[in-house]
Each structure stands twice: as C-alpha cells, then as structure tokens.
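Please read the structure below before turning to the comments.
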Amino acid sequence: MTADATEDLESFRERARSFVRAHLRPAEGSSSSAGLLRADKTDEEELAAVARDREVQRMLFDAGLAGICVPTAYGGRGLTPAHQHVLNDELRDHEHPTRLQSPTFTPCMAVLLEFGTEEQKQRHVPAILRGEEIWMQFLSEPGGGSDVAGALTTAVRDGDEWVLNGSKVWTTGAWWSDWGLCLARTNWDVPKHRGLTVFMLPIRQAGIDVHRIEMLNGSKEFCQEFLSDVRVPDRDRVGEVDQGWTVGTRWMVHERMAFNSPLVTVPLGSGHAGVSGSSMAAIAAAGGRLDDPLALDLIGEAHMLDAVGSALNRRIGEGIATGTMSDQSSAIGRLFAGFASARRTTIGFELAGAAGAAWTDDDGELAERGNDFLMRQVSCIGGGTTEMAANVVSERVLGMPRERTLDRDVAFRDVPRSASHS
Ligand SMILES: Cc1cc2nc3c(=O)[nH]c(=O)nc-3n(C[C@H](O)[C@H](O)[C@H](O)COP(=O)(O)OP(=O)(O)OC[C@H]3O[C@@H](n4cnc5c(N)ncnc54)[C@H](O)[C@@H]3O)c2cc1C
C-alpha cells in the first residue's frame, strides 16, 4: 500500500476500522497487566506472544497502519498525531503489539529518527516498523540508574571499531529482543556529561551474556547484560563521539513521553500501565462488592485517575507539539502516571479483599491482585523514577535552582567511587 500524506481523518478511520475488525483478535481479559512484570506465562508462551506481536505489527505495516507519524522515507505514513489517535481509538478492546511499543518505538526509534545517520535510519526504521527488530535500551547499570550520565560501561576506539566492556541491567525482555541502544563512556578525562557516546548493537552475539533476573513474584523478564570486548563498527555509533549526553537528554524526554508519544500505538483505554480503572467494576463484581459504598468510592477514584491521566497526557502532548510547553514537560506526565498506576494497582488489591492475599486460578478478576500489589512500585521506577521526574519538573520546567552536585566540573576518572563501582 502506498503512503498518502493527505489522507483525511474519516477515510483513515474507515480503513483502520475495517482492518481491525477483519484481522485483529479481541484484547485478552479486561485488566491489563502491562508494566507489572507478571509471571503468568511460561517461556514458550512468552516467546509465542512475542511472535504474535511481531506478526500483528507486520500486518499493520502491510495495511499502511504502522509508523503513522514516521516519515514516508523510512517506511512510515507521514501522517499526524490526530491520525494516530484515530487508530488508537479504532483499536480499543483489540490486541496490539504491546512489546514493540516501548522501548522499541519510543525511545529507541525516536532517538534513531532524531540522531541516526541516513544510512542507519534506512537500515533500521523500516525493519522496526515491520516488526523485524525489537530494541532495548541499555542505560541503567548495576551502580545506579538515576545517574545515567555516570555510566561506567566503556567504549574504546580500535580503528574503525569500538570495543565495549561493562554491564547494563533492568532491561525488560532483553532475552527475546534484537538490538540494544547503549550509552557508554568514551572519555574519562572530562566531566561525566561530556565523555559519553551512544552505540547500537545486536543483542544476540558472542560477547554479550544476557542473564535473567528472577523477581519476587517469579517474573524473569528483567535482564542483566554483561558486555565483554563487544566490537561495534563506527557506523553503528549514534551521534557524535563524546556528545552522548546531547542524545541522552532527548532519549530521556522520549522515554518519559512513553504512551503519550505519537510514535506509539496503544488502544484507547489501555494506555495506563498496570491495572486500568475500567477493570475495577469487574473486580468488585467478582468479589460481590458492587453494593459496598467503600468499593464504589474506590472504583470512582480509579476512574478519576484514568480520566485525569488521559486529559493530562493529551494536554502535555499538544503543549509540546505546539511549543507552548517545553519538551521537559513530559516529566509531568511521567510523574502522574507513576503515582496513578501504583494507586490503581493498590485499589485493585483493596477491592479484591481476602482474595488479594490468597487466590486460585478460578478466581477470575480477583486472581493475581496480590502479585500485582507486590509489583506496584515498578511504575514509579521504570522509565526513570518519580523522584527524578520531580527533579526535572522543578529544575527544567519551573526553573528552580539546580540540585547541588559535586562531580559536575571534575574529570570523571577523578570522581570518588566505591571500590565495587570503579
Ligand atoms: C519496569 C522497569 C523497566 C525498566 N526498564 C529499563 C530498561 O529497559 N533499560 C534500562 O536501562 N533500565 C530500565 N529500568 C531501570 C530503571 O531505569 C532504574 O531502575 C531507575 O532509573 C532507577 O535506577 P536504580 O534502580 O539504579 O536506582 P538508583 O538510581 O540507585 O536510585 C535509588 C533511589 O534514590 C532516588 N534518587 C537517586 N538519585 C536521586 C536524586 N538526584 N534526587 C532524588 N532522588 C534520587 C531514586 O529515585 C530511587 O528512589 C527499568 C526499571 C523498571 C522498574
């Protein structure tokens, strides 16, 4: 199907609607577990789900419904956020390629579109839109994830190649992913923000050991990667040498935009990480609590969080797109989304009553609420913590004084570190 940048919204809606009705399955269950790292699938089932996500993405691509806001030169449709919104609306209650959205479309593809060379964009963006490449972000390290600029993973130049050594951690799903976008230190003799460079690298290669980390609920989706003499051609460097923080700053803006990004496809009503407000009535009904005034209060609160989150995301998205808000304002949405998701998950647990503590597979909507509750804080940590988002809001959005740091003007090699992190 050829791209048509002039396609009006109504004919686009018709096209999206007929594709969705003809080809996509109903969404599974009424309550999303997205973002909660549930241990509800065997490895075989998870790999099958990844394969289905790739297949659905390919179907969307072939139908001209992938990369709505991506330039046509890179396989996208070159349309507008309003078209993406229409697609999200038509996808309501249907499956969509969950695992490809974040971090593949944003922040990774967003970073490639902004900083990649023409050759890199031609090589990877169409492949991403066809569902052939799933990307991970290699940012956090065992020594700490909030201080991204303190990366210790090192890249040393060797002719036309770079040799990378170090470790990255907390990459969700790296064991079934294809490419990593990696922030590495290329210069230890300058202050920390000035000695970083970004690279892209295939994950499945000799030199990268992917270890899976078991969480307290049994999920093994988190991974840690050990990079030992990984050779990366210079053509796979993203942005200038030692200018990785320029890339990194925008990378984090794209990361905080998450479901608010026009590069992401997410059915309306399901863009809230964790348990959505629309699931609450079903949970209360399963527990026989629809007459309970306390339960009704909780259901109302969860719906309010959904409604405010949607309105806030839209407002911030429009504000950034029209230049009335700085792009750092994405931190406001990220901050709210973190707290709201944790609270909704807590509400789901409270509504489940005793089944929140002990349940069987036959408990339907009541099952798993206890496990979700144990993992509720992931929404305040993943994508950068809510504390760091609050810092961005105060310093970069409101213009308040910057946090005091002792390492800003010191060569990174002279910054004191504990023995285990040097
Ligand atoms: C679901 C999920 C998915 C993730 N996916 C990825 C991924 O794909 N790729 C990746 O690289 N990482 C990923 N992460 C890791 C995540 O980015 C880090 O966990 C996060 O940035 C925090 O880093 P940390 O855990 O090392 O905590 P630390 O940085 O050690 O922070 C510990 C605590 O101190 C607080 N703190 C630290 N510095 C400050 C400060 N200056 N001001 C105020 N408070 C501060 C933090 O907010 C936090 O509460 C993911 C994490 C989760 C939960």
Side-chain angles (χ1 to χ4, degrees), residues 32-39 98-111 134-153 166-184 192-193 196 198-199 201 203 210 212-213 215-217 219-227 244 248 251-252 254-256 258-259 273-274 331 334-335 337-339 341-342 345 372 374-396 400-408 417-418 420-421:
S32 160
S33 64
L36 286 172
L37 293 167
R38 280 218 189 125
T98 329
R99 291 164 190 74
L100 268 73
Q101 308 303 324
S102 177
T104 299
F105 293 150
T106 198
C108 295
M109 183 178 72
V111 167
I134 299 182
W135 284 56
M136 287 285 116
Q137 42 182 352
F138 285 8
L139 273 179
S140 304
E141 300 195 355
S146 299
D147 183 19
V148 179
L152 297 177
T153 293
S167 178
K168 297 289 179 178
V169 72
W170 309 127
T171 35
T172 325
W175 68 280
W176 42 252
S177 297
D178 308 303
W179 283 80
L181 195 63
C182 180
L183 184 72
K192 66 178 180 181
H193 293 93
L196 297 162
V198 175
F199 300 91
L201 32 90
I203 296 176
V210 178
R212 295 171 66 185
I213 301 169
M215 306 297 285
L216 65 107
N217 69 350
S219 161
K220 288 195 199 162
E221 285 308 296
F222 267 146
C223 298
Q224 177 169 6
E225 301 79 28
F226 296 91
L227 284 67
W251 178 343
M252 274 163 267
H254 289 299
E255 185 182 27
R256 284 186 214 111
F259 293 128
R334 189 273 166 274
L335 186 57
F339 289 132
S341 172
T345 305
D372 291 351
L374 291 178
M375 302 298 285
R376 71 197 179 286
Q377 281 170 323
V378 296
S379 62
C380 293
I381 302 173
T385 65
T386 42
E387 288 88 356
M388 296 309 285
N391 284 353
V392 175
V393 173
S394 66
E395 294 176 10
R396 310 260 180 108
M400 292 167 75
R402 292 194 69 136
E403 187 178 8
R404 206 163 81 89
T405 52
L406 300 175
D407 56 5
R408 193 168 297 280
R417 270 180 293 280
S418 69
S420 59
H421 294 149

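We count ligands from 1, going down the list as the structure has it; atoms in each ligand are counted the same way.
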Note: ligand 1 atoms sitting under 4.0 Å from heavy atoms of T385 are 22 (C), 46 (C), 47 (O)
Of G382, S379, S146, the one whose closest heavy atom lies nearest atom 53 (C) of ligand 1 is G382
Atoms of ligand 1 under 4.0 Å from any heavy atom of L139, numbered from 1 in the order shown, are 11 (O)
Does the plane of the ring in W179 sit parallel, tilted or perpendicular to the ring in W135? Use 30° and 60° as the thresholds. parallel
The atoms of ligand 1 lying under 4.0 Å from a heavy atom of E387, numbered in the order shown, are 43 (C), 44 (N), 47 (O), 49 (O)
Would you say G144 touches ligand 1, if touching means a heavy atom closer than 4.0 Å?
yes
Evaluate F138 for polar contact with ligand 1, using N/O atom pairs at a separation under 3.5 Å.
no
With heavy atoms and a 4.0 Å threshold, my read on which part of K168 contacts ligand 1 is neither
task: Could you verify whether a donor N or O on one side chain and an acceptor N or O on the other, from W176 and E221, lie under 3.5 Å apart?
output: yes
*asked:* Donor-acceptor check, side chain of Q137 to backbone of P107, threshold 3.5 angstrom: yes or no?
replied: no
Task: T171 N/O to ligand 1 N/O under 3.5 Å - done: no
Ranking L181, T172, D147 by closest non-hydrogen atom to atom 3 (C) of ligand 1, top hit is T172
Between the NZ atom in K220 and the CZ atom in R212, the distance rounded to the nearest 0.5 Å is 6.0 Å
Practice item. Check whether any side-chain N or O of R376 sits under 3.5 Å from a backbone N or O of T345 as a donor-acceptor pair, and report yes or no. Key: no
Check: S177 side chain, I134 main-chain N or O, donor-acceptor pair, under 3.5 Å = no
Counting from 1 in the order shown, the ligand 1 atoms closer than 4.0 Å to a non-hydrogen atom of E403 are 40 (C), 41 (N), 42 (N)
CD1 of I203 to CD of E225, rounded to nearest 0.5 Å, is 6.5 Å
- Task: Determine whether any heavy atom of M136 lies closer than 4.0 Å to an atom of ligand 1.
- Result: no
Q.
Any nitrogen or oxygen of W170 lying under 3.5 Å from a nitrogen or oxygen in ligand 1? Just yes or no.
A. yes
Taking only non-hydrogen atoms of M388, do any sit less than 4.0 angstrom from ligand 1?
yes
**Asked** Is a side-chain donor-acceptor pair under 3.5 Å present for T106 with Q101?
**Response** no
Quiz item: Of all the heavy atoms in V169, does at least one lie under 4.0 Å from an atom in ligand 1?
Solution: yes
Discussion item. Assess, by modelled atom type and distance only, whether the side chains of S167 and E141 contain a donor and an acceptor separated by less than 3.5 Å.
Written reply: no
message = Keeping R402 on the side-chain end and E395 on the backbone end, is there a donor-acceptor pair under 3.5 Å?
response = no
To atom 16 (C) of ligand 1, the nearest of S140, G145, P107 on a heavy-atom basis is S140
